[in-house]
Amino acid sequence: MDSLLKVENLQMHYFTSKGAVRAIDDINFELMPGETIGLVGESGCGKTSLGTSILRMPTPPGRYVGGRILVDGVDVIPLPEREVRKNVRWQKISMVFQGAMNCLTPVYTIGRQMMETLNEHSDLSRSDAESLITEYLGYVGLPPEIVQRYPHELSGGMKQRAVIATALFLKPEIVILDEPTTALDVIVQAQIINLLKKLKKQFSLSFMFITHDLALEAEISDRICVMYAGKIVELGTNAQIYGTQGPAHPYTERLLAATPRLFKKVEQLQFIPGTPPDLIDPPKGCRFSPRCDKAFDKCFQEEPPLIEIEPGHMSACWLHRRG
Amino acid sequence: MTDTILSIKNLKKYFEPHQNFAQSITGGGQKKPIKAVDDISFDIRRGEIFGLIGESGSGKTTTGKLVMKLIEPTSGQMFFDGEDVTHLGKEKLKEYRRKVQMIFQDPYASMNPRFKIRDVLEEPLIIHKVKGSIEERTKMIVQALEEVKLIPPDEFMGRWPHMLSGGQRQRVATARTLILNPMMLVADEPVSMIDLSTRAEILHMMKEVQKELGLSYLYITHDLSTARYFTDRIAVMYLGRIVEIGRADDIIDNPLHPYTQALIEAVPEPASGKLDIVKELPIYGEIPSPANIPQGCRFHTRCPYATEACKREPEPELSLDSAEHYHACRRAYEVQAEKKRAG
Ligand SMILES: Nc1ncnc2c1ncn2[C@@H]1O[C@H](COP(=O)(O)OP(=O)(O)OP(=O)(O)O)[C@@H](O)[C@H]1O
Ligand SMILES: Nc1ncnc2c1ncn2[C@@H]1O[C@H](COP(=O)(O)OP(=O)(O)O)[C@@H](O)[C@H]1O
Ligand code: SF4
Ligand code: SF4
Ligand SMILES: [Mg+2]
Ligand SMILES: [Mg+2]
């Protein structure tokens, strides 16, 4: 099967006055039709940056430094913006932005804000656009009257449903969901996850699901991609990451240990002391080495390559080569 | 000295509804009070971590504000350390606020970027007019930093907020509350973007501090997953009422109220094999408005086990099940049996 999306050696840096922030530093992965790939990692590891890069919308002062993003076999990086608007963004790939539900403009109705997105990405007539909006509100479980409401009149769950509907209007194949449930309580979160599973089937979508919560990722992602400091450190199937054998990379292991479990009584919660590094000047060798309790000499000298440790399971750690 | 630090009796907080412009012209839309907290009672013991759990809109933050005395109750009573604190004059209120501190669990907000850590910690001493020489104050600051394990304190005192990680900022925020020697802390966890690892670090630190200093906590959250580790007892709140209360282990292992059961089932667990399952939660729709609380059992509109009686009969009161475990569901045992039969 051919991949829908293929990211090759992607590098995207933010060129700040203090230097280049290497937020995306040589990323490779593929997304297959109908697949959900999960992107996890702590705050500041580059998850959102990867999402917006794939949408061909890096946030200024971000610029592509190298690599390719193949959508249906075509590299979208060199395409002119007009072309991207007409054929790629929202048509093939759309995104539910991190915090989008809290960024709705308070003075405009929901309907008006949905209409604006449609106008920006298509040339539908007003009446066609209106019926499209009504249709999609139905798919996400909202009544049509909601178009007349203002954001503050809706609950968090309703706002997020509206944002999801807006991402689906133009029948994209891929939807990037950036922390779509982080600002919601657990019950609404579970309802949104169910909705996403339903929509994925109904419209044969592929998802890229971004979150810092490994427990949530287990519910929805076929494959899990773990990012640390601008790089992929582990990539494996749901069963490889969450199965009895446990993940392969020390960072994933520590992240999983820091994920609270309702039915497991623990004396102490685990956490990873320290924070991800400054990406202007990341540590030499393995970027996780300053926080890794398994680090040895080589880790501080040379960067470990991402290698296949079993079929379909990649990890970047010197321990795999140590024998 | 009793073993209860805080006692809440039949506390209510009703807000006046906002009337929108159209309603105020037409006189339409009858004004119904917003019953954010609708008759709750509970005790927090000395040295206890007490969890208050529920969805957004269940009234947790309003309860926290009542306990902090940031708002006045509509009715009911509050006792702190054996004293009636329901209504306090200005001086007494100031004293109360020293003993009961709010801790903001958002490491990325609420810290003046132009204050060094020393100044951040000295500010509450100035606000509360704590007397003392520079040396005495420095001693208090050093002690507070040591209590939250920001060591060496001298080094941290000279840093700016931007030089700290999220976890370290939270430690500073905690040190800031500890410097006034409080007896109780109220922590309202916002639904927020904090990493799980940072959150675990914060809870770990707060528990260490609590053990060391024998403090009492009111910990407010929508997520049960850390509650078993962090809390001693839990009250589950729904639409202004407490519907279940008990020891943390009992609430999680043996939930009696259907609402608690739904909250538990909603928590994702990091395990494989759940991809193709659409997890049907045992709860319908969204939480109703506290201006329109359903008649009968207030949960009946969302409860999969509701019967006619649940709608018509008066609302069930909290009743004792076993040691310290109370619930407010008239069908609790039938529901248990039904669930067992269903497997
Ligand atoms: N517009 C920008 N200018 C400069 N640096 C940026 C910009 N946006 C992000 N960064 C930096 O790039 C790195 C990756 O940020 P990104 O937002 O992609 O992380 P993330 O994994 O999505 O984090 P979170 O979980 O907090 O959303 C961070 O070091 C961040 O500070
Ligand atoms: N100042 C206020 N005026 C009117 N309604 C309020 C006010 N504060 C809270 N509410 C309402 O009371 C209910 C409970 O709110 P809150 O205590 O914030 O719940 P939680 O913290 O559990 O999310 C909500 O419906 C909220 O909109
Ligand atoms: S390469 Fe070394 S430092 Fe990096 S994760 Fe593996 S053991 Fe830890
Ligand atoms: S009393 Fe009835 S409606 Fe209320 S929780 Fe129990 S079964 Fe459900
Ligand atoms: Mg992000
Ligand atoms: Mg709240």
Side-chain angles (χ1 to χ4, degrees), chain A residues 36 41-44 98-99 155-158 179 182-191 193-195 197-198 201 212-222 237-244 254-276, chain B residues 53-58 108 164-168 190-205 207-208 221-230 248-249 252-253 259 262-281 283 285-287 302:
Chain A
T36 297
E42 288 165 283
S43 191
Q98 182 169 11
S155 68
M158 289 161 128
E179 303 272 12
T182 312
L184 303 169
D185 69 53
V186 280
I187 288 186
V188 181
Q189 165 169 288
Q191 290 168 337
I193 296 293
N194 280 346
L195 172 69
K197 285 185 173 177
K198 184 198 98 175
K201 272 215 183 102
H212 64 262
D213 184 352
L214 266 171
L216 192 59
E217 210 70 277
E219 304 264 343
I220 191 154
S221 296
D222 302 300
T237 63
N238 192 292
Q240 283 163 347
I241 302 289
Y242 300 104
T244 44
R254 300 289 299 276
L255 268 188
L256 199 55
T259 308
R261 293 183 159 211
L262 191 53
F263 295 109
K264 205 167 116 194
K265 194 164 175 155
V266 291
E267 276 312 303
Q268 212 185 43
L269 291 175
Q270 302 294 311
F271 58 90
I272 317 174
T275 45
Chain B
I53 315 263
E55 282 163 289
S56 297
S58 55
Y108 296 98
L164 302 179
S165 74
Q168 289 171 334
V191 221
S192 80
M193 306 286 175
I194 305 174
D195 279 328
L196 292 178
S197 172
T198 309
R199 198 170 104 185
E201 182 179 356
I202 292 169
L203 291 178
H204 171 77
M205 177 267 299
K207 189 148 189 159
E208 296 283 291
T221 179
H222 69 98
D223 182 7
L224 274 165
S225 63
T226 47
R228 183 195 297 252
Y229 157 80
F230 192 63
D249 284 345
I252 292 165
D253 292 332
Y259 181 61
L263 281 175
I264 287 176
E265 292 209 17
V267 175
E269 286 274 307
S272 62
K274 297 185 293 184
L275 287 177
D276 300 320
I277 304 166
V278 171
K279 186 162 79 181
E280 284 306 335
L281 288 187
I283 187 168
E286 293 199 9
I287 191 166
R302 302 177 73 198

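Interface residue A:Leu256: only side-chain heavy atoms are found under 4.5 Å from chain B. Heavy atoms closer than 4.5 Å to chain B are found in both the backbone and the side chain of A:Leu216. Of the two parts of A:Ser221, only the backbone, made up of N, CA, C and O, holds a non-hydrogen atom closer than 4.5 Å to a non-hydrogen atom of chain B. Only the side chain of A:Gln189 comes within contact range of chain B, with heavy atoms under 4.5 Å apart.
A pairwise comparison of heavy atoms in B:Ala266 and A:Val186 identifies CB-O, 3.7 Å as the closest pair. Listed here is the closest heavy atom pair of A:Ser155 and B:Glu286: OG-OE1, 2.6 Å. Summarising the geometry of A:Ala258 relative to B:Ser197, their closest heavy-atom pair is CB-CA, 4.0 Å, with the distance given to 0.1 Å. In this structure, A:Ile187 and B:Tyr259 approach most closely via the heavy-atom pair CD1-CE1, 4.2 Å. The two residues B:Ser225 and A:Pro260 make their nearest non-hydrogen contact at OG-CG, 3.5 Å.
Between A:Pro273 and B:Glu201 there is no side-chain heavy-atom pair separated by less than 4.5 Å.
With hydrogens and angles ignored, the 3.5 Å screen pairs no side-chain donor or acceptor of B:Asp195 with any backbone N or O of A:Glu42. The backbone N or O of A:Asp185 sits nowhere less than 3.5 Å from a side-chain atom of B:Asp223 that would complete a donor-acceptor pair. With A:Gln191 contributing its side chain and B:Gly285 its backbone, the two residues share a donor-acceptor pair below 3.5 Å.
Under a cut-off of 6.0 angstrom, the local environment of NZ in B:Lys279 is crowded, with over 12 non-hydrogen atoms contributed by other residues, nucleotides or ligands.
Here A:Phe271 pairs with B:His204 under the ring pair (Phe, Tyr, Trp, His ring centres under 6.0 Å) rule; sequence neighbours left out. Checked against salt bridge (Lys or Arg N to Asp or Glu O under 4.0 Å), B:Arg228 has the following partners two or more places apart in sequence or in another chain: B:Asp249, B:Asp253.
Between chain A and the options B:Thr221, B:Ile283, B:Ile264, B:Asp276, heavy-atom pairs under 4.5 Å are most frequent for B:Ile264. Contacts with chain A were tallied for B:Val278, B:Leu275, B:Leu196; B:Leu275 has the most, counting heavy-atom pairs under 4.5 Å. Listed options A:Asp222, A:Leu255, A:Ile193 were ranked by heavy-atom pairs under 4.5 angstrom with chain B; first place goes to A:Asp222.
To the nearest 0.5 angstrom, A:Thr275 atom OG1 is 10.0 Å from B:Leu164 atom CG. Once rounded to the nearest 0.5 Å, the distance linking CG of A:Leu184 with CD of B:Glu55 reads 11.5 Å.
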